[in-house]
J.: 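Structure in structure tokens, see below.
Hydrogens, waters and symmetry mates play no part in the numbers below; they use all other heavy atoms, side chains included. Just so we're on the same page: letters track the sequence lines, and every chain starts at 1.
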Amino acid sequence: MIKITFPDKNVREYPKGTTSFEIAKSISEGLARNVLAAKVNGETWDASRPIDSDSTLQLLTWDDKEGKSTMWHSSAHLMAEALEALYPGVKFGIGPPVDNGFYYDVDLGGNTISSDDFKKIEDKMVELARKGSKYERTSVSKKDAIAFFTEKADEYKLDLLNDLEDGTITFYKQGNFTDLCRGPHIPETGFIKAVKLMNIAGAYWRGDEKNKQLTRIYGITFPKKSQLDEYLTMVEEAKKRDHRRIGKELEIFTFDDDVGPGLPLWLPNGGAIIEQLEKLAKSTEQAAGYSRVRTPHIARESMYLTSGHLPYYEDSMYPPMILEGEKYYLKAMNCPHHHKIYKELNPSYKDLPIRLAEYGTCYRYEQSGELFGLMRVRCLQMNDAHIYCTKEQFAEEFRAVNEMYLKYFKIFNIDKYVMRFSTHEPKKLGKKYVDEPELWLETEDMVRKVLIESNIPYVEVPDEGAFYGPKIDVQVWSAIGREFTLATNQVDFAVPRRFGLTYKNSQNKLETPICIHRAPLGTHERFIGFLIEHYAGNFPIWLAPKQVSILSISEKYNDYAKKLLQLLINSDIRGLVDSRDETIGKKIRDAEMKKIPFMLIIGEKEFNENKVSVRRHGSGDVGSFTIEEFAKMVQEEINNSLNINKQ
RNA sequence: GCCGAUGUAGCUCAGUUGGCCAGAGCUACUGAUUUGUAAUCAGUGGGUCGGGGGUUCGAAUCCCUCCAUCGGCUCCA
């Protein structure tokens, strides 16, 4: 007998060689029907794999993340089986589960496939799923595995086998399909009840653009048909939040062919949002001891040779303009310009820290395939600042920057993000990273310490640092699930030296400052793109491009409405009058669709009582107030939203 | 940059296998209406069918090429 310990610490005894499935069955038939896989001693196993020694056991169902991914992994095999049936001779790359489903990279030889073929493949998958074929695991020797895939002439699997050790190789077979796979898999194909292929794309073999491009087919499956419908509805809802769609509907920004790809035009509503963001940033930075500077959009080649950017990043910069034999580049970052300002200031230790802030406009020549609405553009304005400080001041400055991040997140109610702490890889010193082994370790320790002391949850990612130092990025996800760096906070102990930046210490000796590059609000483009999706276009009052729409019930009250608007403008409230010859129902509908936070309805009653009827976007009639009362209400709400920042 | 798809009026979209002056709704404009909490009625205007080239008696529709967008890959200081 063996002892099985369950997650609730309960222990039961079973005969040696009992499977997780049998254990589930001993608990309840219902559970057994839902078990997709099992976690045995922390490792995910097939539910049908015999357990031979005392173990901890967690049964995995659709409700567990690992249960889902096991199901999707098995679904990839099912799709492969269908593809092999429909397109004989197809070769397979890799077919893993992902966050929302699975994909398989395939080489179709001479065949091509498009989304028109999805139905056919889905039908085949459903047909094969209904057979309820078992996923059978077998261990094979490397020699036999190579023989098998040589026979199939599948060079991709053979390539994968190269990296595997003899004795660790397993095959999984379901129906007529056998794949090289470490597993685990669900018990049988019958668990897959609903199948949907989502899209098709090219993907380089092993992610290397020098390799052949395979066809990647994405799909998703569910144990119930209704779950697929729910998922598809959810995807549709997410698409409605897409900033590209809302940005157009609410007239926030646009792109124009003649202006060029990745170069957004901010419409008046977008301009209004930017205005508010900058106001927030500038007052916050002023309170935190930053100085505002301004620098040109271009600079000579020599500056980027000094900074070290040119040899590494020239491909990402717009090509130079040549004037009187000199090369000028559009700036892709503000730091070199700021370093030059620091140098001009020629400070002593008594002047540090020096914090230089600028909403600098940068141009980056992103690859055409990378552009994505406002989230990835070629012209961007950064909430940039560079803090120059001594090593002793670093921790405090870095902590203050992090606190500023958290204050902003509170104001915007941003809670779904991950702080990613990127460090260096010692083997790449002198190549990817400046060769300062001690400074790397020292600053990484300082950063880590600040994160821990400030109680900020983070994930540490080795080998993702900037070339000049470690960094912290704030990762967020777009409506359609793409990951982005929203904000960044970087340590730079290398470039100041390249620029010869110094300060006199108390012993009258020259030292090089550490520089912190920080952009808590990222860029206007990405940040507003993110906010549009975050709020689904329903901006908080302080940020809404138009805060109030004054709706006159008939043209008789247009003059009164215009007088009210002027009073609101005097109170620093952004509004408009809808004086069209339309019914009040229509005016309300339009204001609701434009997501304007407040509507003031003005008719005979309001005119006589010298009041306004207030309607709130999304919630309806709020009641009747004087214009002064209303203005006060709006201002209080704005103060409440922003006061978090003051404290 | 690579693979695949898409590109019709300001916006959202129809336009069967190439065949009468290219359609609808919303928007805009004009007129009627003077309205009470999510669409008043009627009329009018508006399109080099992404650009260029080709095939054809005839192209929005087929072919080539360029541009842009979308989904991925690669990249992301």
J.: Rounding to a whole Å, what distance do you find between A:Tyr104:OH and B:C3:C1'?
T.: 20 Å
J.: Which heavy atom in A:Glu444 sits nearest to a heavy atom in A:Phe421, and how many Å separate them?
T.: O-CZ, 3.6 Å
J.: Could you check which nucleotide pairs with B:C11 in any of the strands shown, counting Watson-Crick or G-U wobble with both distances under 3.5 Å?
T.: B:G25
J.: Rounded to whole angstrom, note down the P distance from B:U27 over to B:U69.
T.: 30 Å
J.: Could you check which nucleotide pairs with B:A42 in any of the strands shown, counting Watson-Crick or G-U wobble with both distances under 3.5 Å?
T.: B:U30
J.: Roughly how many Å apart are B:C3 and B:C64, using the P atom of each and rounding to a whole number?
T.: 15 Å
J.: Could you give the distance separating B:G58 and B:C20 at their C1' atoms, to the nearest angstrom?
T.: 12 Å
J.: Going by heavy atoms in the side chains, are A:Tyr231 and A:Asn100 under 4.5 Å from each other?
T.: yes
J.: Taking the nucleotide of RNA chain B with the nearest heavy atom to each, does A:Val614 or A:Arg580 sit closer to the 5' end?
T.: A:Arg580
J.: Please determine whether any donor N or O and acceptor N or O are separated by less than 3.5 Å between the side chain of A:Arg376 and the base of B:C75.
T.: yes
J.: Between P on B:C76 and CZ on A:Arg420, what's the gap in Å once rounded to a whole number?
T.: 11 Å
J.: May I ask you to evaluate whether A:Lys586 reaches the phosphate of B:U27, defined as a side-chain N or O under 4.0 Å from OP1 or OP2?
T.: yes
J.: Are any non-hydrogen side-chain atoms of A:Lys120 and A:Lys124 less than 4.5 angstrom apart?
T.: no
J.: Side chain of A:Gln490 only, heavy atoms from C-beta on: which candidate in B:A77, B:A38, B:A68 is closest?
T.: B:A77
J.: Both conditions, 6.0 Å and 45 degrees, for the charged tip of A:Arg378 above the ring of A:Tyr365: are they met here?
T.: yes
J.: Write down the distance separating the P atoms in B:U12 and B:A22, rounded off to the nearest Å.
T.: 23 Å
J.: Determine, for A:Arg206 against A:Asp163, whether the closest basic-nitrogen to carboxylate-oxygen distance falls under 4.0 angstrom.
T.: yes
J.: Can you check the A:Glu251 CD to B:G10 C1' distance for me, whole Å?
T.: 10 Å
J.: Which value, in whole Å, describes the distance between the P atoms of nucleotides B:C2 and B:A9?
T.: 28 Å
J.: Rounding to an integer number of Å, can you tell me how far A:Gln213 CD sits from B:G1 C1'?
T.: 10 Å
J.: Whole Å only: how far is the NZ atom of A:Lys605 from the P atom of B:U34?
T.: 22 Å
J.: Rounded to whole Å, please give me the gap between CG in A:Asp257 and C1' in B:G52.
T.: 15 Å
J.: Give me the distance, rounded to whole Å, that separates B:A39 from B:C57 when you measure between the C1' atoms they each carry.
T.: 49 Å
J.: Expressed as a whole number of Å, how far does the C1' atom of B:U61 sit from that of B:G7?
T.: 14 Å
